[in-house]
Undergrad: 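Before we start, here is the structure in question, set down as structure tokens.
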Protein chains: 2
Amino acid sequence: MLNRPDRVSPGTRERVERVMAELGFVRNESARQLRVGKSRTLAYVVLDAGNPFFTDVAAGIDDAADDADLSLFLCNSANRADREAAHLTLLEQQRVQGILITPVDPDAAALDQVARRGTPIVVVDRTRRLEDFCTVAVDDVLGGRLAVEHLVDRGHRRIAVVGGPTSIGQVQDRYAGARAAWTDAGLDPDDLVPLETDAMTVAEGRSAGERLAGLAARRRPTAAFCVNDLLALGLLQQSIGSGRSVPGDLAIVGYDDIEFAAAAAVPLTSVRQPRHQLGRTAASLVLDESTNPDHRHQQVTFTPELVARASTL
Amino acid sequence: MLNRPDRVSPGTRERVERVMAELGFVRNESARQLRVGKSRTLAYVVLDAGNPFFTDVAAGIDDAADDADLSLFLCNSANRADREAAHLTLLEQQRVQGILITPVDPDAAALDQVARRGTPIVVVDRTRRLEDFCTVAVDDVLGGRLAVEHLVDRGHRRIAVVGGPTSIGQVQDRYAGARAAWTDAGLDPDDLVPLETDAMTVAEGRSAGERLAGLAARRRPTAAFCVNDLLALGLLQQSIGSGRSVPGDLAIVGYDDIEFAAAAAVPLTSVRQPRHQLGRTAASLVLDESTNPDHRHQQVTFTPELVARASTL
DNA sequence: TTGTATGCGTTATCAA
DNA sequence: TTGATAACGCATACAA
């Protein structure tokens, strides 16, 4: 409880500690921080605390924070720019050691302003147009490619790509990878059917399933690549619920490989991202930026990996 | 950005605001808090940030915090007492307005100490022996009863109860409710088979499934009540994966009704808890304790509800 | 309407 | 080894 117990004689020390306990003394962190000038916390502003992918990333950050003797505070923006901004403002005012963020919009000016004023920021699972930030992401073009190559290997010649909104860079990248793999295989671009969703949730996955079922049989894809697992689980549920078999009538590939993907009753083929590693790396970058005077920004990109399961045979 | 923009003449005000922007002025929250004496944050120390049940509770807290113009910080104890203690210490030193917590051990002395020193604490989704805290929970005995009554209604006469460790009060309560319903129906206590697990995770659910499969056919239960949905999903996965049909060979009831329960390819019957409401109520209690001088501690108990789906026919 | 002085609780520095 | 003093940045109370 004392800062330097060794600087004080055992007697006094014991006496002081007794009185502290008696009086219920608790150090005032605001005063300490005001004097010392630095905080003992990191924050992760997350896009959707209910998505297991992000909580796994957070677990990785938490591990690294633990090692550095810092506490991690998780802030949920719930995909809303106003909430994200409010969190950023408070965190900046708190002078946290560093902010990790999966932003609603990675190119938003607010991020630059915070960074310019001196709070280290690392963007997680997104990339920016400019390379003026540390960034930790996964190669989404490759991920999209892996998914579609796998489906082509399995013999599918007409497939849906489910995801959106397409304003999200990640969705664009996965689409782009999918399209590249498709044309590389010499297939007709018209047979790669985009199915846009309003969000990446289970409910939107179900609704995509209904739209899919509404297509005429000869125009209906035999497989779907969903740009995340929540969509895939929703699609899976809707398909089975309406009597179609997976993968018989519809093969499904998801993305993220969250725990519930493997645990689905038709285990989901999915593109796995090293989410724990993503978090750990992001944390170490933000710590470097906050402590190392000649820190250089880096863009770290990890490689995704396809995990084949029953939903694609 | 100014505290009382109206107290200053428009000219000065405009000039000041320009300079603030120019210089990148950001208020120092530590200094502000030191002077004013109160913080603008709530914290929720959660047992398992990866369990969707808790993130839904957190969303409820977040809503209430938003309304009160406070920020919510989520801290993950990951079921480890040492991490929980570290978070509590820092939060107390930060003088947060209030702490919401789903503790590793609701009767741990550390909680009492923090509360006694003046930080409002509300215990979420757990109950305590003593009523010296605000507490928000769901009637777990009733929940266990609902689950088993449902299975008895469906004609099951030998069922497993899957959960653990049994040191968790909640697990005990749900067991107790299950047992009460069972004997009330005039059935033989020996036919209610406890299957203890080391944790409440998907992996443990799978392992319970293997143990179940290992039983001789005539001793094997025809249904299982799992004390949470993660266990139920694991059990479901293992059962289907090894060729048993659900609910044909094994009916399954889960607990919590997380989103993934309904989205499982065999949609899971589950005992629903009003998790959003749980969070909202907890937040309003902690706010009352922090602002209302004649606050009285309350123990709020919500009523669970059974949601029947395909996993029980 | 604007300016000035004080103290919040801590740590660091310097003197004893 | 111990004690005294100053400063961190802000909000408040009061004076101008």
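A quick note: this is a predicted structure, and the numbers were derived from the prediction, not measured.
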Undergrad: Establish, from distance only, whether the side-chain atoms of A/Q299 and A/T135 form a donor-acceptor pair under 3.5 Å.
TA: no

Undergrad: Generate the contact string for nucleotides 6-15 of chain C. Rules: B means base contact, S means sugar-phosphate contact only, - means no protein heavy atom under 4.0 Å.
TA: -BBBBBS---

Undergrad: Check this for me, if you would: do A/D105 and A/R128 make a salt bridge, where the nitrogen-to-carboxylate-oxygen distance has to be below 4.0 angstrom?
TA: no

Undergrad: List the atom pairs, with distances to 0.1 Å, where a side-chain N or O of residues 44-51 of chain B and a protein N or O form a donor-acceptor pair under 3.5 Å, not counting sequence neighbours.
TA:
unit_1 : atom_1 : unit_2 : atom_2 : d
B/Y44  : OH     : B/T102 : OG1    : 2.8
B/D48  : OD1    : B/G50  : N      : 2.9
B/N51  : OD1    : B/F53  : N      : 2.9

Undergrad: Between the main-chain N or O of B/Y255 and the side-chain N or O of B/D229, is there a donor-acceptor pair closer than 3.5 Å?
TA: yes

Undergrad: side-chain contact (heavy atoms from CB on, under 4.5 Å) for A/R126 and A/V123? Distances and angles first, verdict last.
TA: CA-CA 6 Å; A/R126 300 282 128 127; A/V123 170; 3.6 Å; yes

Undergrad: Measuring from atom CG of B/L88 to atom CD1 of B/I121, what distance do you get when rounded to the nearest 0.5 angstrom?
TA: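 Taking CG in B/L88 and CD1 in B/I121, the distance rounds to 6.0 Å.
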
Undergrad: To check you understand the geometry: which heavy-atom pair defines the closest contact between B/L72 and A/H87, and what is its length?
TA: O-NE2, 4.2 Å

Undergrad: DNA chain C in dot-bracket, Watson-Crick or G-U pairs under 3.5 Å, [ ] crossing, | other strand?
TA: |.||||||||||||||

Undergrad: Flag the pair A/E92 and A/R117 as a salt bridge only when some basic side-chain nitrogen lies within less than 4.0 angstrom of an acidic carboxylate oxygen.
TA: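 Looking at A/E92 and A/R117, the cut-off is met.
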
Undergrad: Quick one: how far along DNA chain D does chain A reach, first to last nucleotide 5' to 3', anything under 4.0 Å to a heavy atom?
TA: D/dT1 to D/dG9

Undergrad: What residues, two or more places apart in sequence or in another chain, satisfy salt bridge (charged side-chain N to carboxylate O under 4.0 Å, His left out) together with B/D82?
TA: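 For B/D82, the residues satisfying salt bridge (charged side-chain N to carboxylate O under 4.0 Å, His left out) (neighbours in sequence not counted) are B/R80.
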
Undergrad: Go through the structure and list residues passing salt bridge (charged side-chain N to carboxylate O under 4.0 Å, His left out) with B/R83, not counting sequence neighbours.
TA: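 Scan of B/R83 (salt bridge (charged side-chain N to carboxylate O under 4.0 Å, His left out), adjacent residues dropped) gives A/D62.
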
